[in-house]
Structure formats: C-alpha cells, structure tokens
Amino acid sequence: MYRSHYSKEISKKEYNSSVAVAGWVEDIRNLGSIAFLILRDKTGTLQLTILKKKSPELFEQLISLPRESVISVKGFCKENEKVRNGYEILPESVDVLSVAETPLPLGVVDKVEADFDTRLDNRVIDLRKPDIQAIFKIRNAVLATAHEYLRSQSFLEVHTPKIIASSSEGGTDVFKLRYFEKEAFLAQSPQLYKQSLMATGLDRVYEIAWYFRAEEHNTRRHLNESTAVDVEMAFIKDEEDVMKILEHLVHAMWKRAGECSEELEVLKKTVTVPKLPFTRVRYDDAVSKVQARKSPIQWGMDLSTEDERLLGDIMKEDGVDFYFITKYPLESKPFYTMPDGEKYSRGFDLECKGIEISSGSQRIHDVALLKERLKACGLDPKDFDAYLKAFRYGMPPHGGFGFGIERFLMELLDMNNIRECILFPRDRSRLTP
RNA sequence: GCCCCGGUAGUGUAGUGGCCUAUCAUGAAGCCCUGUCGAGGCUUCGACUUGGGUUCGAAUCCCAGCCGGGGCGCCA
C-alpha cells in the first residue's frame with residue numbers, strides 16, 4: 001500500500017510511529033546536509049525532513065526529483081513544533097511512482113501568476129492548486145444539496161435524450177450531427193421532454209445534465225457546453241408554486257455553500273445566505289425602476305445586460321440580493337409560457353445581484369392554445385408533433401424552471417469568468433483539453 | 001453576428017525606430033549552506049506569432065494571415 005494516511009489524517013496518535021504517505025513533490029528546499037521536501041496530497045501538504053548523514057543515497061534520490069513528481073514514502077512521523085503541521089516525516093524508503101518532466105508548463109506554487117488561457121491549456125496541473133480544487137468541492141456540495149432537497153420534495157431524478165430530432169425551443173443555435181441517415185441535434189435544454197413527462201403521472205421530476213449551444217458568443221459568462229438543473233412539476237395552481245420550490249432550492253444550496261468554510265477560506269470568499277422569501281418584482285415595476293435611472297428601455301423589451309445590472313444596484317440599495325422578476329410580457333417569453341391575460345405571461349426570472357440565474361414559468365397545458373402560441377411565435381406546429389402528442393391525451397397544469405450550474409457557481413463564488421466553474425470548458429475556440 | 005484589444009524565454013513581464021549583444025522576476029541546470037517553510041547566496045541557460053512591406057536601421061511603424069482575450073447581441 002502506497003499510503004496509510006493523508007497529510008490531514010496525521011495527528012498525535014501517529015507520532016513516533018511509521019506511516020506511508022504519497023503525493024506530489026511540491027517543493028524541495030535543500031540546505032546542504034539537511035533538506036525539506038513538501039509533499040502534497042488531496043488534503044494538504046506535509047514536510048519530509050531528510051538528513052544527508054542518515055542516508056546519503058536516499059538524500060540524493062529525493063533532492064534530485066523534479067517538482068511535481070509522484071512519490072510514496074514510508075517514514076517515521078515525529079512531532080516538531082517548528083513545522084507548520086506540528087509534525088514531520090523522516091523518510092526511510094521511497095517509491096518514485098512518476099517522474100515529472102521539466103520545466104513545468106505551469107507552476108503549481110510559482111510566485112508568478114499565469115494567464116487564464118495558459119492555465120486552461122494545462123488544466124490538469126492548474127487543478128492541483130487547492131484554491132481551484134475548492135471550487136469543485138463546493139460545486140459537489142451544492143449539487144448534493146440540490147439532489148437532497150428535490151428528493152425530499154418528492155421529485156424523481158430523470159434523464160432525457162441529449163440527441164434530439166429538432167431544436168427544443170428555437171432561439172439559440174444548436175449543434176448539428178449525423179445520426180445514421182438522418183440529421184440530429186445536440187440538446188440545448190430538456191424543456192420539451194421534461195414537460196412531456198408531466199403527462200405520465202410522475203408529477204415531479206428533475207434532471208441534472210449537459211446541454212449544448214452553438215452560439216458563437218465570446219464572453220466570460222457563456223459556455224458552449226454547460227450543465228444545468230431542470231425541474232418540472234404538475235398540478236400547480238400558478239407559477240407561484242414553482243417559484244416557492246425554486247427559492248427554497250436556491251436557499252438550501254447557498255446555505256450549504258456557506259458551510260464549506262475550509263474551501264471558502266482558501267478561495268478567500270464569503271457567502272451570505274439570503275432570506276426567504278425572495279422579493280417579487282413585477283416586470284412593469286422593474287421597467288419603471290430602471291427608466292427612472294435613465295435606461296432607454298421601453299415596455300415589452302427584455303432587460304438588457306445593463307438594465308439588469310442597474311436593477312441589481314437598485315435592489316441592493318434596499319439590501320436585496322435575490323429577487324424574482326414576474327409577469328413578463330407574453331411576447332418576450334417562449335411559446336410554451338402560459339399567458340396571463342392579453343399582454344402578460346406567467347413567466348419569471350430569478351435574479352441575483354443583477355444577473356439572471358434561473359428562469360421558469362407556468363406552461364401551457366391546453367393543446368389548442370399551445371398550437372396557437374407556436375404559430376404566433378413564427379413556428380410550425382408540424383415540427384412539434386411528437387411534443388404536442390404528449391398534450392393530446394390528458395395533460396395536467398404544470399410549470400418548472402432551469403438554471404445553469406456554472407452561472408450559479410459564478411454568482412455564488414463571485415468568480416469573474418464562468419470557465420473557472422467547469423473542469424474543462426468548451427467555448428468558441430477551446431475544444432481541448 | 002457587430003465592435004474593441006492583445007501576441008517578447010517554460011511562466012509572468014519591461015521595452016513605442018538606433019542606447020537591444022532585449023529588462024526584471026519566476027523557472028530550469030549546477031555549486032555553497034543542518035531547521036527551511038514565498039528559504040538565502042553564487043554561476044549558467046532560455047524569448048521578440050507568421051508572411052510581406054516602409055526604412056540606412058524594425059520587438060517597436062504599415063498591410064495580410066494565424067492564435068488569443070474582452071464588450072455588446074443572443075441566452076442560462
């Protein structure tokens with residue numbers, strides 16, 4: 001066995017006994033007759049203290065290792081107050097498991113910063129840094145909470161096709177691919193499938209999966225491959241039922257992130273847990289608020305990036321970070337959104353500090369109305385036959401929402417680039433690693 | 001899709017026509033040092049995105065390409 005303990009697992013109990021530790025050689029400080037080797041594993045670092053007079057061969061072998069080589073060391077664990085961990089390991093034997101090439105394309109502990117692009121080109125090495133790993137440990141924690149919360153509310157986890165016959169909703173560009181003799185597309189969202197499932201009697205479903213968008217955008221807020229949490233629920237009275245689930249879900253995830261104190265510390269971030277319920281702002285009021293601050297927006301238009309930011313600032317003045325924008329104009333929402341009178345819809349967005357993190361709505365469940373709305377949106381109902389079929393034989397009132405996990409994390413951790421929140425980002429120009 | 005910006009050692013940079021045989025840091029290779037922890041000291045190594053052009057002279061100016069970053073739009 002190459003490892004008996006991780007660096008963090010060693011405490012007083014292990015002092016004055018033999019342990020096996022394994023990991024990456026982070027740094028070697030050679031003082032001539034004594035050398036210190038910093039070994040890094042998943043939990044942190046520890047120090048090997050190597051004395052030349054004790055074993056000249058072992059000394060020579062260890063100090064000549066290139067940084068980031070992988071080794072396993074058996075040694076004697078000794079208490080020492082001079083060392084940060086409170087202990088050091090005096091090595092007795094070493095297994096060199098992998099010798100790293102030099103020079104490193106990216107230093108793990110170098111004193112110079114690397115460009116983000118260089119980091120992504122060498123993402124595996126970049127991911128060795130504790131602060132980068134912390135992002136993904138928090139991602140793991142909040143997604144675990146999403147599963148737990150949704151299951152506690154009787155949601156069933158489902159997985160719908162990612163290779164689909166037609167674009168889900170129009171709007172965004174989709175990736176085309178060859179499917180034997182047919183043309184197919186990569187899913188941009190599970191929208192049509194999660195709605196179809198509402199006609200099955202499963203009533204409450206959620207899906208956490210990948211989606212693909214072929215938009216040639218080049219911003220720090222967009223990815224061409226991203227992951228999302230999607231929820232759909234039946235027998236709702238109106239969109240308020242959906243918003244309640246969403247706000248509790250977001251609250252639970254934010255709260256869980258706030259409990260990741262170790263990770264937040266290495267990231268030097270703080271998470272402020274929002275208060276429930278989130279403020280509801282009608283679209284009409286949002287428009288008047290930003291108009292009062294000289295935005296050129298007209299009623300009926302979507303809020304521009306600048307308008308959203310402005311509204312975020314206005315809400316912040318009242319101490320509000322999270323808020324719903326409700327009752328959007330019907331024409332600014334997708335065809336499946338339930339109308340609310342002539343002009344309005346039962347669609348909403350959830351905003352956090354001026355950035356949209358989720359959008360949802362009550363959906364149309366009446367097939368005639370759905371066809372009418374498809375036409376009004378310039379779409380041909382014939383292209384949606386398979387979807388419409390789910391509505392023809394008994395479809396309850398339903399609604400749902402979806403949000404991108406990377407966008408969510410970006411807001412949660414106040415990152416300035418969405419690519420920080422995904423292991424191997426796919427963007428306009430990046431297809432590797 | 002529209003617009004803006006950038007490309008100098010492995011990494012991060014200085015350099016805006018001659019003082020560049022290109023700065024500094026970091027790194028790598030080596031030497032000295034028994035308590036380092038951003039170790040220290042000394043030596044060495046290593047770069048101007050590509051192709052044209054202007055000029056006596058180009059890292060520097062112009063044109064084109066390649067590669068990259070960002071803003072807006074679209075969206076999540």
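All chains are named by letter (A, B, ...) in the order of the sequence lines, taking the proteins before the strands, and each is independently numbered beginning at 1.
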Exercise. So does A/Asn417 get a side-chain nitrogen or oxygen closer than 4.0 Å to the phosphate oxygens (OP1/OP2) of B/G70?
Worked result: yes

Problem set entry | Phosphate-side-chain proximity, A/Arg430 and B/C67, N/O vs OP1/OP2 below 4.0 Å | no

For this session: Take atom C1' in B/G46 and the same atom in B/U26, then report the distance between them in whole Å.
Result: 13 Å

Problem set entry | Any A/Thr219 side-chain N or O less than 4.0 Å from OP1/OP2 of B/C75 | no

Problem set entry | Listed nucleotide nearest any side-chain atom of A/Glu308, set B/A76, B/C75, B/G27 | B/C75

Problem set entry | Which residues share a side chain to side chain donor-acceptor pair (under 3.5 Å) with A/Asp126, sequence neighbours left out | A/Arg119, A/Arg123, A/Lys129

For this session: Flag the pair A/Tyr336 / A/Tyr387 as yes when their ring centroid distance falls below 6.0 Å, and as no otherwise.
Result: no

For this session: For the side chain of A/Pro105, starting at C-beta, report the closest nucleotide among B/G38, B/U11, B/G10.
Result: B/G10

What pairs of nitrogen or oxygen atoms, one from the protein and one from nucleotides 39-43 of chain B, lie under 3.5 Å apart?
{"unit_1": "B/A39", "atom_1": "OP1", "unit_2": "A/Asp27", "atom_2": "OD2", "d": "3.4"}
{"unit_1": "B/A39", "atom_1": "OP2", "unit_2": "A/Asp27", "atom_2": "OD2", "d": "3.4"}
{"unit_1": "B/A39", "atom_1": "OP2", "unit_2": "A/Arg29", "atom_2": "NH1", "d": "2.5"}
{"unit_1": "B/A39", "atom_1": "N6", "unit_2": "A/Asn30", "atom_2": "O", "d": "3.1"}

For this session: Using the test side chain to side chain donor-acceptor pair (under 3.5 Å), find all partners of A/Thr49 that sit at least two apart in sequence or belong to another chain.
Result: A/Gln47, A/Glu88

Exercise. Does the salt bridge (Lys or Arg N to Asp or Glu O under 4.0 Å) test come out yes or no for A/Lys333 and A/Asp349, once each step is laid out?
Worked result: CA-CA 11 Å; A/Lys333 285 287 168 189; A/Asp349 285 352; 3.0 Å; yes

For this session: To the nearest Å, give me how far apart CZ (A/Arg123) and P (B/U11) are.
Result: 18 Å

Seminar exercise, completed: Between A/Pro66 and A/Ser358, whichever has its closest RNA chain B nucleotide further toward 5' is A/Pro66

Seminar exercise, completed: The nucleotide from B/G12, B/G27, B/G73 with an atom nearest the side chain of A/Ser304 is B/G73

Seminar exercise, completed: Sorted by position of nearest nucleotide on RNA chain B, 5' first, the leading residue of A/Ile34 and A/Asn224 is A/Ile34

Exercise. In whole angstrom, what separates A/Leu90's CG from B/G35's P?
Worked result: 16 Å

Exercise. Do A/Asp285 and A/Ser288 have side-chain N/O donor and acceptor atoms under 3.5 Å apart?
Worked result: no

Problem set entry | Pairing residues for A/Glu239 by the side chain to side chain donor-acceptor pair (under 3.5 Å) criterion, not counting sequence neighbours | A/Lys327

For this session: Give the nucleotide from the list B/A29, B/G12, B/G69 with an atom nearest to the side chain of A/Asp117.
Result: B/G69

For this session: For RNA chain B, produce a single dot-bracket line, 5' to 3'. Pairs: Watson-Crick or G-U wobble, both distances under 3.5 Å. Symbols: ( ) within strand, [ ] crossing, | other strand, . unpaired.
Result: (((((((..(((.....[.....)))((((((.......))))))...(((((..]....))))))))))))....

Exercise. Looking only at side chains, do A/Ser7 and A/Thr45 share a donor and an acceptor under 3.5 Å apart?
Worked result: no

For this session: Report yes if at least one side-chain N or O of A/Arg419 is closer than 4.0 Å to OP1 or OP2 of B/G70; otherwise report no.
Result: yes

Seminar exercise, completed: Sorted by chain and residue number, the side chain to side chain donor-acceptor pair (under 3.5 Å) partners of A/Asp238 (sequence neighbours excluded) come out as none

Exercise. Any idea which of B/G1, B/U26, B/C37 is nearest the A/Arg84 side chain?
Worked result: B/C37

For this session: Would you tell me whether A/His222 and A/Glu215 have side-chain atoms, one donor and one acceptor, within less than 3.5 Å of each other?
Result: no

For this session: Compare side-chain N and O positions of A/Thr49 against OP1 and OP2 of B/G35 and report whether any pair is under 4.0 Å apart.
Result: no

Exercise. Which of these nucleotides, B/G68, B/G71, B/G38, is closest to any side-chain atom of A/Arg220?
Worked result: B/G71

